[in-house]
Amino acid sequence: MTDAATNMRLKLPLICIILEVILIILFGTLVQYNYETDARLWHEHKTNHSDYDNDFYYRYPSFQDVHVMIFIGFGFLMTFLQRYGFSSVGFNFLIAAFALQWATLMQGFFHGMHHGKIHIGVESMINADFCTGSVLISFGAVLGKTSPVQLLVMALFEVTLFAVNEFILLSALGARDAGGSMTIHTFGAYFGLVVARVLYRPNLDKSKHRNSSVYHSDLFAMIGTIYLWMFWPSFNSAITAHGDDQHRTAMNTYYSLAACTLSTYALSALTAHDGKLDMVHIQNAALAGGVAAGTAGEMMLTPFGSMIVGFLAGIISVLGFKYLSPILEEKLKIQDTCGVHNLHGMPGILGAIVGAVTAALATRDVYGDGLEDVFPDVAKGEIEASFQGVRQAISLAVTLGIALLGGLIVGFILKLPIFGAPPDTICFEDSIYWEVSFTPLFIVLVILHMKTTLRYKCETGKLN
Amino acid sequence: MTDAATNMRLKLPLICIILEVILIILFGTLVQYNYETDARLWHEHKTNHSDYDNDFYYRYPSFQDVHVMIFIGFGFLMTFLQRYGFSSVGFNFLIAAFALQWATLMQGFFHGMHHGKIHIGVESMINADFCTGSVLISFGAVLGKTSPVQLLVMALFEVTLFAVNEFILLSALGARDAGGSMTIHTFGAYFGLVVARVLYRPNLDKSKHRNSSVYHSDLFAMIGTIYLWMFWPSFNSAITAHGDDQHRTAMNTYYSLAACTLSTYALSALTAHDGKLDMVHIQNAALAGGVAAGTAGEMMLTPFGSMIVGFLAGIISVLGFKYLSPILEEKLKIQDTCGVHNLHGMPGILGAIVGAVTAALATRDVYGDGLEDVFPDVAKGEIEASFQGVRQAISLAVTLGIALLGGLIVGFILKLPIFGAPPDTICFEDSIYWEVSFTPLFIVLVILHMKTTLRYKCETGKLN
Amino acid sequence: MTDAATNMRLKLPLICIILEVILIILFGTLVQYNYETDARLWHEHKTNHSDYDNDFYYRYPSFQDVHVMIFIGFGFLMTFLQRYGFSSVGFNFLIAAFALQWATLMQGFFHGMHHGKIHIGVESMINADFCTGSVLISFGAVLGKTSPVQLLVMALFEVTLFAVNEFILLSALGARDAGGSMTIHTFGAYFGLVVARVLYRPNLDKSKHRNSSVYHSDLFAMIGTIYLWMFWPSFNSAITAHGDDQHRTAMNTYYSLAACTLSTYALSALTAHDGKLDMVHIQNAALAGGVAAGTAGEMMLTPFGSMIVGFLAGIISVLGFKYLSPILEEKLKIQDTCGVHNLHGMPGILGAIVGAVTAALATRDVYGDGLEDVFPDVAKGEIEASFQGVRQAISLAVTLGIALLGGLIVGFILKLPIFGAPPDTICFEDSIYWEVSFTPLFIVLVILHMKTTLRYKCETGKLN
C-alpha cells in the first residue's frame with residue numbers, strides 16, 4: 001500500500017540521524033548543568049541551603065504531570081481515528097522527543113544564556129515540554145495528512161518561532177503567561193491552522209471513511225482526554241513562583257475545568273437534534289477550561305472567576321465544533337482534523353483576554369506583597385496595572401501575527417513534494433508508514449464470505 | 001434507538017446549566033482562598049515560613065494520585081461492560097466534575113467556615129475528591145440502569161448526606177477515618193445498594209446479553225484497576241498529618257494491597273470449578289486491601305497487621321462476588337452491577353472494625369508523642385484509647401444508618417419518571433445517550449451476510 | 001480448553017496462600033517501621049528536624065512513578081500479544097505483588113538489618129519495586145509459555161538471587177548502580193534468557209499464529225511503553241542522594257531517552273525493506289536509553305554524554321531485534337518472547353560499561369564536594385577513581401555470572417512437570433488460565449456464516 005513517494009526507508013532515518021547528531025553537537029558545545037544539577041556548584045553553596053531548596057522538589061512532580069500530558073495526553077487524545085492509532089501515538093512520540101531537545105536549545109538561546117552557555121535544570125525541562133505541547137497542537141490540525149518527515153520539519157521551525165514569540169512576550173513585552181494561553185495554545189493552534197490551510201487537500205473526501213472514530217478508538221482517546229484534564233492544574237502551575245502562586249494556579253485551573261465539563265455536556269446534548277452526547281465534544285471541549293485559565297490562572301482570579309471562565313470556554317468550544325468548524329472547512333478551506341481551533345484557538349484567545357483584564361484590575365490591596373511574584377513591574381511601581389493589561393493584549397496580537405505568518409511560511413515549505421506526504425486517497429491510514437497486522441479472525445471472515453458469495457453466484461449463473 | 005423518555009436534549013442541558021450557575025453564584029458569595037493560596041495572606045506571614053511550609057508541597061502529589069483514581073481509576077474500572085464504555089468513563093467524568101464542586105461547598109459549610117466564608121486549598125480539593133469517590137461507588141451499584149440526569153440528582157443529595165455523615169463522625173464523634181473506610185467506602189456502597197434496591201428492575205434480564213464483558217473491555221477495565229491499586233497508598237495518606245503519619249499510612253496500604261492481591265488470585269482460582277481466574281475478581285477484589293486499610297492505615301497497624309487485613313479483605317471480597325452477590329440479587333432484589341458490596345461494602349466494614357480495634361489498643365508506649373497526631377483526644381488525656389475504639393464503632397453504625405436511610409429516600413426520588421431512565425430492554429447500552437459509531441467493517445459484514453442469505457433463500461425458493 | 005495438567009484450581013491457591021502466610025509470619029517476626037514511619041521514633045527526634053526532613057517527601061513522588069512503571073508499564077508493554085492480554089497484565093500484577101513483599105525481606109536481610117530487625121520505609125519500598133522490575137524483565141523472556149505457578153516459583157528464587165547479587169555489588173564491591181543497569185536490567189535479562197533456554201520448546205511454532213500482535217493490542221502495549229519512557233527519569237533518580245543528584249539523574253535520563261527515540265525511529269525505518277516502522281521496535285528500543293543511563297545517570301555524564309549513550313542504545317536495540325533475536329532463537333534456542341535481550345540485556349551491558357568509564361574519569365574538579373555523594377570511597381581518598389571504574393567492571397562480570405548460573409538452576413527447577421505449564425499447542429493463550437468472553441457479535445457472525453455456507457452447499461449439491 002506504499003508507493004515510492006511515501007516510502008520512508010531513507011527519508012526518515014536521514015532526517016532523524018542528521019537532526020540528532022546536530023542536537024548532540026550543539027548540546028556538547030552549548031549546554032551545561034545549572035547550579036542545581038551540577039555536583040560541584042550545588043555543593044559549593046551547600047552551607048547556605050538545604051537539599052529541599054533544590055528546585056527539583058518544587059517542580060519535579062509538576063514536570064512529570066506535564067510530561068504525561070505531552071506523551072499520553074496528546075498522544076492518546078488523537079487515537080480517536082479508527083485507522084491512525086499507531087501514527088497518533090507514535091508520531092506524537094517522535095516529534096515530541098525531537099522537539100523537547102530542540103526547544104532546550106532554542107529557549108536557552110533566547111532566555112537562558114550565561115556566559116555563552118545554556119544552563120539547564122527542571123525548569124528548562126518543563127519549558128521544553130511546554131514548547132513541545134505547542135507543536136503537538138499544530139500536529140492535531142494536520143493529523144492524518146502528513147508524513148513523519150513533514151512533522152519533524154514542522155517541529156524544527158515551529159519550535160524556533162515559538163522561542164522567538166515567547167522571548168518577545170515574556171522578556172521584551174513583560175507579559176505574564178504561566179500556563180501559556182497565548183504562547184502555547186493560541187500560537188500552536190493558529191500556526192497549525194495556517195499550515196493546514198496551505199496544505200489544503202481538495203480531494204480529501206476520498207479518505208473520508210477513515211476520518212472518523214470507532215467504538216474502541218474513542219475509548220483510547222478518552223485516556224488522553226482524562227489525563228489532560230486531570231493534570232492541567234499541574235500544567236498551568238508548573239513554572240509559577242513557589243508557594244501561594246503554584247498552589248493558587250493549580251486550584252483555579254481545577255475549578256475552571258470542573259465548570260467547563262458541565263457546560264460541555266450541556267451544550268453537547270443541546271446542539272444534537274436527538275439529545276445524544278457527542279464524543280468529539282467530550283474529548284475536546286471539556287478541556288477548554290484549562291486552556292482558558294492558562295494566563296490568568298496564577299492571578300487572583302478566584303475560584304468564582306475561574307468557574308465563569310471555564311463555563312464560557314466549554315460553551316464556546318462546543319459551539320465551535322458544531323457550527324464554526326464546518327464553515328472553516330468549506331469557506332476558508334481549513335481542514336482541521338482534531339478541531340484545534342475549538343480546543344486551543346478560541347479558548348486560548350479567551351484566556352489571553354481574561355488574563356489582560358485580570359492583570360489590569362490587579363491592586364496591592366488584593367495581592368499584598370505577592371504582587372511582586374505575579375506582576376513584578378507593577379509591584380516595583382514601574383508601570384500601572386492597567387498598562388500590564390495593555391501589555392497582555394499586545395502580546396496576544398503579536399502571538400497571532402507570528403503564528404499566522406510563521407504558519408504560512410512553514411506551510412509552503414512543507415508543501416515541497418519531497419517529504420513523502422500521503423496521497424489524498426490514503427490519508428488517516430497507519431499502514432502507509434507502519435507495519436500493521438489486522439485481527440486475523442476478521443480477515444478470515446471476509447475471505448470466507450467472499451468465497452461463499454462468489455461460489456453462490458457462480459452456481460446460480462448470477463455471475464455473468 | 002432513543003424514545004422520547006430517554007431523550008436528553010433538554011433535560012441534561014437544563015440540569016447541568018442550572019447546577020453550574022448555582023455553584024458559581026455560591027462560590028462567588030461564599031468561597032475564598034485560604035491563606036496558602038491567597039497572595040496577600042501568604043506573603044503577610046512570609047517572614048515566619050519558607051515556601052516549603054505551604055501545604056501544597058506536602059499534599060499536591062497525593063492529590064494528583066487521588067485525582068487519577070477518581071477519573072481514570074473509577075472511570076475505566078467500569079468500562080468492563082461491552083457496550084457501556086462511553087457512559088462509564090463519560091458519566092463518571094460528568095458526575096465527578098459536578099460532585100467535586102458541590103462537595104467543596106457542602107464540606108466547607110460543615111467544617112470549613114471562617115467568619116461566614118469557606119476557605120479552600122489543596123486539602124479541601126482532596127476532601128472534595130474523596131466525597132466524589134463516594135458518589136462514584138454508588139454509581140457502580142446502579143451502572144447501566146440510570147440516566148445522566150438521575151446520576152446528577154443522586155450526586156446532589158449524596159454529597160450533601162456525605163458531608164453530614166462526615167461531620168458527625170469526624171467533628172461530633174471524634175472518630176478517625178483518614179482513608180475513609182467508613183465515610184467513603186461503607187457510606188458510598190450501602191447508599192448505592194439501597195438506591196439500587198429501590199430502583200429494582202424485575203425485567204432486567206432483557207438486557208442480560210449486554211451486562212457482561214468482552215475481551216478488550218476487560219483490558220480497559222484493568223487500566224482502572226491497576227491505577228486504583230497503585231495509588232491507594234496516596235489515597236489513604238493524602239490527608240493524614242505531615243511526617244511519619246503520611247509515610248506510615250502509605251506503607252501500610254502498600255503491604256495490605258500486596259497481600260490482598262495474593263489472596264484474591266488464590267480464591268478466584270479456588271472457587272472456579274475449572275481453576276480459571278475470573279477477571280471480575282481480579283479487577284475488584286484485589287483492591288479490597290486498600291479499602292480495608294482506610295481507617296487503620298494511619299495507625300501503628302504495622303506492615304504485619306496490614307498484610308493480615310489485606311489478606312482477609314481479598315478473601316471476603318472474592319467470596320462475596322461468588323456466593324453473596326447472587327443471593328443479594330435473588331433474595332434482596334439488589335442488582336449491584338459492579339459488585340460494590342464486595343469491593344467497598346464488606347471491606348469497608350472490615351476496615352472500620354480493624355480501625356476500632358487498633359484505636360482501642362493504642363498506647364503512648366507505641367505512639368510516643370505521635371499519639372497527638374493520630375488520637376489527639378487520647379493524647380490530651382480526655383479519653384481512654386478504649387473509648388476511642390467505641391467512638392469508631394459508633395461511627396460505623398451511624399454511617400450505615402445514614403447511608404441506608406439516605407439511599408432509601410434518594411432512591412425514591414430517582415424513581416420519579418421524569419429523569420429519562422432507560423427501559424429494561426436497553427440497559428447497559430451506550431447508544432441511548434451517546435452518538436456511537438460501530439466498526440464499519442463489522443457493519444459491512446453484517447449487510448453482506450444478510451444479502452447473501454436473502455439471495456440464497458430467494459434462489460432456492462426458501463423465502464416463501 | 002484446559003486439560004488436567006494446566007488446571008490451576010489447587011496449585012495456584014496453594015502456592016499463593018502458602019507464600020503469603022510465610023510472608024506474613026516473617027513480616028511479623030522480622031519487620032519494623034524505620035524511624036521515619038514509626039510514630040514514637042519520629043517524634044522523639046522531632047526537635048531536630050521539620051516534617052519535611054522525612055524522606056517521604058524526597059522520594060514518594062518518585063516511588064509512585066516507579067510503581068506505575070512496574071504495574072502499568074511492564075504490565076501493558078506485554079499486552080502486545082493478541083490473545084495474552086489478561087495474562088500479561090494479570091500475571092504481571094500477581095508476581096509483582098508477591099515479589100515486592102519477598103524483596104522487602106530479602107533486601108532487608110542482606111542490607112537493612114538493625115539489631116535483628118528489618119527497618120522499612122519509602123526507600124525500601126522503592127528498592128522492593130526495583131527488585132520486582134528485575135523479575136518482570138525475566139517474565140518478558142518466558143511470556144506466554146509459563147503458568148502462574150511457575151512464575152511465582154521463578155520470582156521466589158530470582159528475588160533471592162537478586163538480593164545476593166545486589167549485596168555483592170553495592171556493599172561488598174562498592175559499586176554504584178542507582179538506576180540498576182547491572183543489578184536490575186542485565187541481571188533480569190540474562191537470568192530470564194537462560195531460563196527461556198532451559199525451557200526451550202522445539203514445537204513452539206504450533207502456537208506461532210498467536211505469538212503476534214493485532215491492531216488494538218499494539219495500542220494497549222503503547223500505554224506501557226509511554227509510561228515506562230516518561231517515568232524512567234524518576235526510576236533512575238529514585239534512590240540517588242538528595243539534591244543535585246536526584247535532579248541531575250532525572251535530567252540525564254530525560255535526554256538519553258529523547259535521543260534514543262530518534263535513533264530508534266531512524267533504525268526501524270532503515271532496516272525495513274519497505275521503510276515502514278515496526279511497532280516492536282518503537283515499543284521496546286525507544287526505552288533502551290533509560291536502561292543505558294541506569295548506572296551513569298547519577299554521575300556527571302552531562303546531557304551531551306547522555307544523548308550519545310541514548311542514541312547508541314536505540315541503534316543497538318533495533319539491530320538486536322532485527323538481526324540478533326532470530327539468531328538467538330535458531331542457533332542458541334533462546335525463545336525470547338519480548339526481546340528482553342534487546343531492551344534490557346545489551347543496553348544494560350552498555351550502561352554498565354558507560355558507568356565504569358564515567359566513574360574512572362571522575363575528578364574532584366568536576367564533582368567538587370558532590371564527589372562524596374556519588375563516589376564516597378573516592379572522595380575519602382580510599383581509592384582512585386580509576387579503581388572505581390574497575391569495581392564497576394567487575395560488578396558487571398559478577399552480575400552476568402550470577403544471572404547465568406542462577407537462571408540455569410532455576411530453569412531446571414521450573415522444568416519439573418508439576419507446575420502446570422501450557423502445552424506447545426496452546427502457548428500465548430489466555431483461555432487456559434482465564435475465563436474469557438469473546439465479542440458475542442463476532443461469534444454470532446461466524447456461526448451464521450457457517451450455517452449459510454453449509455446450507456448453500458447442501459442445497460446445491462456441493463457438499464459431497
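Throughout, protein chains are lettered first and strands after them, A, B, ... in sequence-line order, and every chain is numbered starting at 1.
- The aromatic ring centroids of B/Phe93 and A/Trp229 lie less than 6.0 Å from each other.
- Interface remark: B/Leu10 contributes side-chain atoms only to the contact with chain A (heavy atom separation under 4.5 Å).
- Between chain B and the options A/Tyr52, A/Tyr254, A/Phe311, A/Tyr255, heavy-atom pairs under 4.5 Å are most frequent for A/Tyr254.
- Within the 3.5 Å criterion, the main-chain N or O of A/Asn236 finds no donor-acceptor partner in the side chain of A/Thr249.
- Interface residue B/Phe71: backbone and side-chain heavy atoms are both found under 4.5 Å from chain A.
- Of the listed residues (A/Pro61, A/Ser306, A/Ser263, A/Ala272), the one with the most heavy-atom contacts under 4.5 Å to chain B is A/Ala272.
- Contact check on A/Glu298 versus A/Arg248 returns no salt bridge, with no Lys/Arg side-chain nitrogen under 4.0 Å from an Asp/Glu carboxylate oxygen.
- For chain A, the option among B/Leu100, B/Val31, B/Leu94, B/Leu152 with the highest count of heavy-atom pairs below 4.5 Å is B/Leu94.
- For the pair A/Asp365 (side chain) and A/Gly368 (backbone), a donor-acceptor distance under 3.5 Å is absent.
- The salt bridge (Lys or Arg N to Asp or Glu O under 4.0 Å) check on B/Arg40 picks up B/Glu44, with sequence neighbours excluded.
- With respect to A/Lys322 and A/Asp278, no salt bridge is recorded, no charged nitrogen being found less than 4.0 Å from a carboxylate O.
- Looking at B/Leu14, there are no atoms closer than 4.5 Å to chain A (heavy atoms on both sides), in backbone or side chain.
- When heavy atoms are compared at a cutoff of 4.5 Å, B/Asn92 does not approach chain A at all.
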